[in-house]
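Comments concern the structure below.
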Number of protein chains: 2
Amino acid sequence: MNESQTKGETRPGRITLEDVARDAGVSLATVDRVINRRPGVRQKTVARVEAAIARLSYRPDPLAARLARNRTFRFCFVLPRGSNTFMSLLEEQVRHASDWLASQRADTDIVHADTFDPEALAGALDALGSAYDGVATIALDHPRVRAAIDDLSSRGVAVVTLVSDAPSSRRLHYAGIDNTAAGRTAGTLMGRFLAGRSGRVGVIAGSLALRDHAERHFGFAQVMGGEYPGLTLLPVREGRDDRERTEAIARQFLADTPDLVGLYSIGAGNRGIGAALEASGRADDIVFIGHDLTPFTRRFLVRGVMDAVINQDAGHEARSAARVLMAHCWGEPVVADQERIRIDIFIRDNLP
Amino acid sequence: MNESQTKGETRPGRITLEDVARDAGVSLATVDRVINRRPGVRQKTVARVEAAIARLSYRPDPLAARLARNRTFRFCFVLPRGSNTFMSLLEEQVRHASDWLASQRADTDIVHADTFDPEALAGALDALGSAYDGVATIALDHPRVRAAIDDLSSRGVAVVTLVSDAPSSRRLHYAGIDNTAAGRTAGTLMGRFLAGRSGRVGVIAGSLALRDHAERHFGFAQVMGGEYPGLTLLPVREGRDDRERTEAIARQFLADTPDLVGLYSIGAGNRGIGAALEASGRADDIVFIGHDLTPFTRRFLVRGVMDAVINQDAGHEARSAARVLMAHCWGEPVVADQERIRIDIFIRDNLP
DNA sequence: CTGTTAGCGCCTTCAC
DNA sequence: GTGAAGGCGCTAACAG
């Protein structure tokens, strides 16, 4: 029935450093040196210890190691100030993550900066100096920002980019999604939901100067242009992620375009778009796809105003950034699989 | 620029049990008793200690606690024997998770059983006796199985159901998805991808005696019947999750049904269905939706044979089960958010 | 180069 | 009821 049922009592207690030391005929300290690849051990002794380790198949206990190292770390999360629903949600999740970090002997600060302005962001990063062991920041793909990240990095501060990346920088890790792929995902859903119909599709971005918005737009346009010739994109409009502006733009689209069949919202401000759509009475007719699950987009999905929401899990991103920084500081490995942020598709039926 | 930048040097070292003891004017042992709600402390002393804890805002260090408790646990994962690609994938992920468990002082066995047969499964669970501190098992919603789970539970063995649930049992947690919702998700995607077209949709299950398959079918049929009157469901066929059988059924659907426009595969055996579809030359015309991302379904998505895959992340499920068992055994809390298994939708563009 | 010796922060016997 | 003392497994000074 079952295969490898060694009874509990037979268990020979964990193999410890001491066992290895005895087996290798050396002291604890020497084994410790070998394990942590510290200098000052003769090659011959190293070999002997390694043999013992292999023979006993010893696995160091990370718990005990952490306790004995008795280190504590300081992390900093750089988040936008003010900003939209998604960012508030992210901040909340960062606060949860920092509770967890605290229990892991890491103190976390949250600082706010204008993460959309390269100069301001770079300045904020510069100001961090070497006060932290790790920094997680919403990034921008800009030379100034890259330089600031590389600076931190060369000062020994681990940097993780969050939600928005600076790919060419020396950041340790990016906790976020591939926005081009996210845009393509939106495009394919738009095309398929509109199957057979033809007409115009309006696109509202926050600002195409933001790399993630530009990438989503690129991915979306790529799919639409390449695979759905019956659908024409209206010139992109920028709503600055602002509810009122996006609402105005959506109203205008609706008024000016009788054959409007789709609406793709690249950034925030979905509340405004949804409102315009509902007011127009054409919500059932127009496919509306946007990003990021918030209480608002969720409601729109449920009511059928929105047809799909492409999401990145803010909680996952915050926890992932925290885990990656911790693991890096302790010199422990990460489970790559677990740190991959998915491009979630939500429709009415698979809402969490 | 930044807000709460307390310099690193000012940090006053962690607050420890000792600080609390001093502050309360008692010994370490007493504080320990209070914290772990153990008897043998006068109410007055308890109050004094609790006051001190609050005053210093003391947080116990879980690391040190685990080390000192010096406990080790035994877990068991009960998985189907043989079985399909998804289950192999799950088993691989369980092996990864058990590596992690090992580093957390938990030894893990994997036992194989016929998890589709209530008697066999219940027997396997019964055989586990009290050898384990925790068991994660593919479950079945059946009285015999429920009884076996409840038995384990009352023997003090924590039980987590994995992928397939036994809702009425006294299991601690279910690491899996809501299959009715998953079926509805498939239904909505089918309906929308088929927008405007009408015709027949074939459904192939493994076996409707399996609760998860039945639930998916229910959800799917609910949506199709309620919202897409132009689409008619053909009578469900059961392919026993077997590649050859499903292929034969798919061929028959294709041959007998000229107006076949959709194919929903509830269980495994997608390889067979995809093959039949490709052979028929109607792959572009028929919307094919199935479950679980495997190398095969992935390839079908990329080639456009499949249009969407509803997935449950096997790695996430395995890790989640492991984490929940560990946390339970150590009496530590879990991050609920992190343990919620998503109903993933994958299309060509958002593949991981 | 190698070994000895204190801890890390908490839990768990045991005495009192 | 309460306290003192000895670990848990590992690391980090020091000595030699």
Side-chain angles (χ1 to χ4, degrees), chain A residues 11-50 52-53 56-73 102-107 329-332, chain B residues 11-50 52-53 56-73 102-107 329-332:
Chain A
R11 209 176 336 156
R14 250 187 111 69
I15 306 111
T16 75
L17 253 201
E18 193 146 351
D19 300 323
V20 178
R22 186 165 343 118
D23 189 279
V26 295
S27 78
L28 286 182
T30 302
V31 182
D32 179 75
R33 287 183 186 107
V34 173
I35 285 181
N36 295 302
R37 311 195 133 52
R38 271 182 292 240
V41 186
R42 229 184 329 169
Q43 193 46 49
K44 237 181 123 166
T45 323
V46 173
R48 208 138 44 90
V49 172
E50 278 172 346
I53 291 178
L56 305 179
S57 68
Y58 164 75
R59 316 269 312 136
D61 181 343
L63 241 70
R66 282 192 183 197
L67 185 62
R69 271 194 255 259
N70 193 25
R71 294 216 9 147
T72 133
F73 301 103
S103 81
Q104 308 282 308
R105 319 167 88 78
D107 295 333
C329 286
W330 287 113
E332 290 168 1
Chain B
R11 210 177 335 156
R14 252 187 109 70
I15 306 111
T16 75
L17 253 200
E18 193 146 352
D19 301 322
V20 178
R22 188 168 343 136
D23 189 279
V26 296
S27 78
L28 288 181
T30 303
V31 182
D32 180 77
R33 288 184 185 105
V34 173
I35 285 180
N36 295 303
R37 314 195 131 55
R38 268 181 293 239
V41 185
R42 233 184 326 169
Q43 192 47 52
K44 239 182 121 166
T45 324
V46 172
R48 209 138 43 89
V49 171
E50 278 173 343
I53 290 178
L56 305 179
S57 69
Y58 164 75
R59 317 269 311 137
D61 181 342
L63 240 70
R66 283 192 183 197
L67 186 62
R69 270 193 254 262
N70 195 22
R71 293 217 13 149
T72 133
F73 300 103
S103 81
Q104 309 283 306
R105 316 167 90 77
D107 295 333
C329 286
W330 287 114
E332 291 168 1

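In the text below, chain A, chain B and the rest are named by the order of the sequence lines, each starting its count at 1.
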**Request:** Check the pair B:R38, B:D32 against salt bridge (charged side-chain N to carboxylate O under 4.0 Å, His left out), reporting the backbone distance first and the verdict last.
**Result:** CA-CA 8 Å; B:R38 268 181 293 239; B:D32 180 77; 2.2 Å; yes
**Item:** Atom-pair distance (CD on A:E18; P on D:dC10), nearest Å
**Value:** 10 Å
**Asked** Can you check the B:I15 CD1 to C:dG9 P distance for me, whole Å?
**Response** 11 Å
**Request:** For B:P60, answer base if it contacts any base atom (sugar-phosphate contacts may also be present), sugar-phosphate if it contacts only those atoms, and nothing otherwise; contact means non-hydrogen atoms under 4.0 Å.
**Result:** sugar-phosphate
**Message:** Let me spell it out: for each of B:R48 and A:P62, pick the nucleotide of DNA chain D with the closest heavy atom. Which residue's pick is nearer the 5' end?
**Reply:** B:R48
Check: protein-nucleotides 12-15 of chain D nitrogen or oxygen pairs below 3.5 Å:
unit_1	atom_1	unit_2	atom_2	d
D:dA12	OP2	A:R38	NH1	2.8

**Asked** Do any N or O atoms from the side chain of B:R59 and from the backbone of B:R14 form a donor-acceptor pair under 3.5 angstrom?
**Response** no
**Item:** Contact under 4.0 Å: A:S27 side-chain N or O vs C:dT2 OP1/OP2
**Value:** no
**Prompt:** Partners of A:R105 by side-chain hydrogen bond (donor to acceptor under 3.5 Å, both in side chains), sequence neighbours excluded?
**Reply:** A:N70, B:D61
**Message:** In whole Å, I'd like the distance from the CG atom of A:N70 to the C1' atom of C:dC8.
**Reply:** 5 Å
**Prompt:** Between C:dT4, D:dG1, D:dC10, which nucleotide has the shortest distance from any of its atoms to the side chain of A:T16?
**Reply:** D:dC10
**Request:** Report which part of the nucleic acid B:L17 touches: base, sugar-phosphate, or nothing (heavy-atom distance under 4.0 Å, all strands).
**Result:** sugar-phosphate
**Asked** From the list C:dG3, D:dT2, D:dC8, which nucleotide is the closest neighbour of the side chain of B:R42?
**Response** D:dT2
**Candidate nucleotides D:dG9, C:dT2, D:dT2, ranked by approach to the side chain of A:R14 - the nearest** = D:dG9
**Message:** Please report the end-to-end axis angle for the helix from C:dC1-D:dG16 to C:dC16-D:dG1, five pairs per end, rounded to 10 degrees.
**Reply:** 40°
